[in-house]
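To keep things clear, I will list the structure first and then write my remarks on it.
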Amino acid sequence: MINISSRIIYNNKMDKNKQNKVVPNSHPSGGVGGSYTKSIAAFSEAQKHIPGGVNSPVRSFKNVNATPPFIASASGSKVTDIDGNTYIDYVGSWGPMLLGHTHPDVVKAISETAALGASFGAPTLLETEMALQIKKMVPSIDSVRMVNSGTEATMSAVRLARGYTKRDLIIKFEGCYHGHHDSFLIKAGSGALTLGQPNSPGVTKGIAAGTLTAKYNDIETVKQLFEKHSEEIAAVILEPVTGNMGVILPSKEFITGIRELCTQHGTVLIFDEVMTGFRLAKGGAQEILGVTPDLTTLGKIIGGGLPVGAYGGKQEIMDHLAPKGPVYQAGTLSGNPLAMAAGLTTLKLLDETEGFYEQLEEKSARLEKGLKKALVDNNVPGVITRIGSMFTLFFTKEDKVESFDDVCKCDTEFFAKYFKIALDSGIYMAPSQFEAGFVSIAHSNEDIDLTIEAANAAFKRLKD
Ligand SMILES: *Cc1c(COP(=O)(O)O)cnc(C)c1O
């Protein structure tokens with residue numbers, strides 16, 4: 001049960017040296033007196049065997065100086081940790097769980113498919129069905145290749161663009177994240193941003209030199225790169241709406257300007273819709289923005305919680321992929337039956353449920369309105385950005401957040417304090433200021449009102 005009147009008093013004078021040690025009866029967030037002992041012990045054990053105790057860095061809660069709760073199970077809008085604490089979940093596995101956790105149809109599809117065989121490494125009917133469903137929902141895609149993660153999708157899309165154009169350079173944007181492939185770990189956002197590693201060791205100078213970086217929402221910086229390298233740029237890749245430096249919307253001038261420049265220079269425009277695809281609309285951000293890319297990368301929701309990615313687009317470009325064309329890309333488990341079953345069931349529900357995106361908008365608007373009021377009522381400086389079911393609560397004195405530079409002005413210490421109090425009161429959000437929060441269709445009005453109440457209580461406490 002979630003008790004919003006906050007079961008634990010957060011002690012913000014906690015000794016910083018203790019943060020990586022096991023502190024008995026201490027809340028992972030740094031509070032005191034909670035029953036989080038199992039998660040604390042589990043994290044300590046995991047750290048002995050797994051780098052940093054986690055299989056993806058942001059899960060470690062390092063950015064907020066806390067210990068992560070270990071999750072045992074989830075249902076609908078909620079996750080439950082191994083100590084039995086239940087949280088209203090705004091992480092949603094970092095995006096995939098748009099239907100909420102353990103949707104009965106998805107669970108059924110996975111278990112029925114598993115009974116027929118987990119993987120064959122041979123063509124199956126499910127793969128064509130998946131391709132047709134994707135093409136129906138995202139009309140700019142004529143042909144689509146399935147892979148196993150978002151990183152694989154963007155990495156392969158860039159290789160394809162290079163092979164197709166016979167050019168080497170790509171342009172990415174500061175603060176945008178496209179996965180952990182070498183070409184993208186150049187001032188990358190999200191995990192790399194918050195961990196203060198804009199350039200990861202291990203990325204060679206040669207590869208880094210192939211990636212040019214422009215500023216999001218600043219078309220002049222893109223123009224300048226095209227002027228300097230006009231016929232050398234294979235692809236421009238971007239999050240059409242960003243989530244990985246927090247939610248930022250593109251200006252019309254910016255997004256249409258990029259489309260025009262790419263068309264003019266014979267450059268492949270790649271929309272990385274791994275996060276926004278199927279979330280903002282059936283057809284993703286491109287449907288909402290009315291701008292059509294040449295290639296689209298997908299992930300997260302497309303796997304319904306299983307590891308999946310995809311990339312697709314214009315026939316003429318996709319025809320360059322092996323075995324039809326010369327650009328090589330492969331995968332032993334690509335198009336895996338379990339992943340296809342979970343993803344396809346998810347996509348069909350999104351496609352066929354009457355008023356799905358309208359409902360999602362209502363819930364998300366309610367949350368935005370409530371959080372905005374909580375900021376104002378408590379005199380906490382902040383900006384909430386939102387589009388559909390993606391939002392970020394930026395703690396900043398600025399009155400808008402429209403660029404990477406704006407994002408960098410946020411008060412990450414205040415965020416960390418707020419995050420811990422929210423977690424203590426049963427609200428599970430991404431443990432970083434530079435992430436999107438996700439509302440799912442399973443979030444009830446009650447969930448949302450509890451979240452707003454918790455924010456109010458947290459802001460009040462933080463002012464004292
Ligand atoms: C999550 C994400 C990726 C990486 O996907 P993985 O499945 O984690 O490899 C790429 N691009 C965007 C926009 C993402 O949000």
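Side chains are part of it too, since the values below use all heavy atoms of this structure and drop only hydrogens, waters and symmetry mates. From a predicted model like this one, the values you see are computed outputs, not experimental measurements. Whatever order the structure lists ligands and atoms in, that order sets their numbers, starting from 1.
Ionic pairing of Lys108 and Glu112 is present here: one or more N-O contacts between side-chain nitrogen and carboxylate oxygen are shorter than 4.0 angstrom. The pair Glu273-Lys300 does not meet the salt-bridge criterion, since no charged nitrogen lies less than 4.0 angstrom from a carboxylate oxygen. Salt bridge Glu232/Arg167: absent, no basic N to carboxylate O contact under 4.0 Å.
Judged as a side chain to side chain contact (heavy atoms under 4.5 Å, CB included), and not counting sequence neighbours, the contacts of Lys215 are Glu174, Asp218, Thr221, Asp405.
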(request) Under the salt bridge (charged side-chain N to carboxylate O under 4.0 Å, His left out) rule, what do Asp168 and Arg162 come out as? Steps first, then yes or no, please. (result) CA-CA 6 Å; Asp168 288 346; Arg162 286 182 169 134; 5.5 Å; no
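When heavy-atom distances to ligand 1 are checked against 4.0 Å, the residues falling inside are Ser149, Gly150, Thr151, Tyr177, His178, Gly179, Glu239, Asn244, Asp272, Val274, Met275, Lys300, ordered by chain and number.
Separation of the Phe395 and Phe414 ring centroids falls under the 6.0 Å cut-off.
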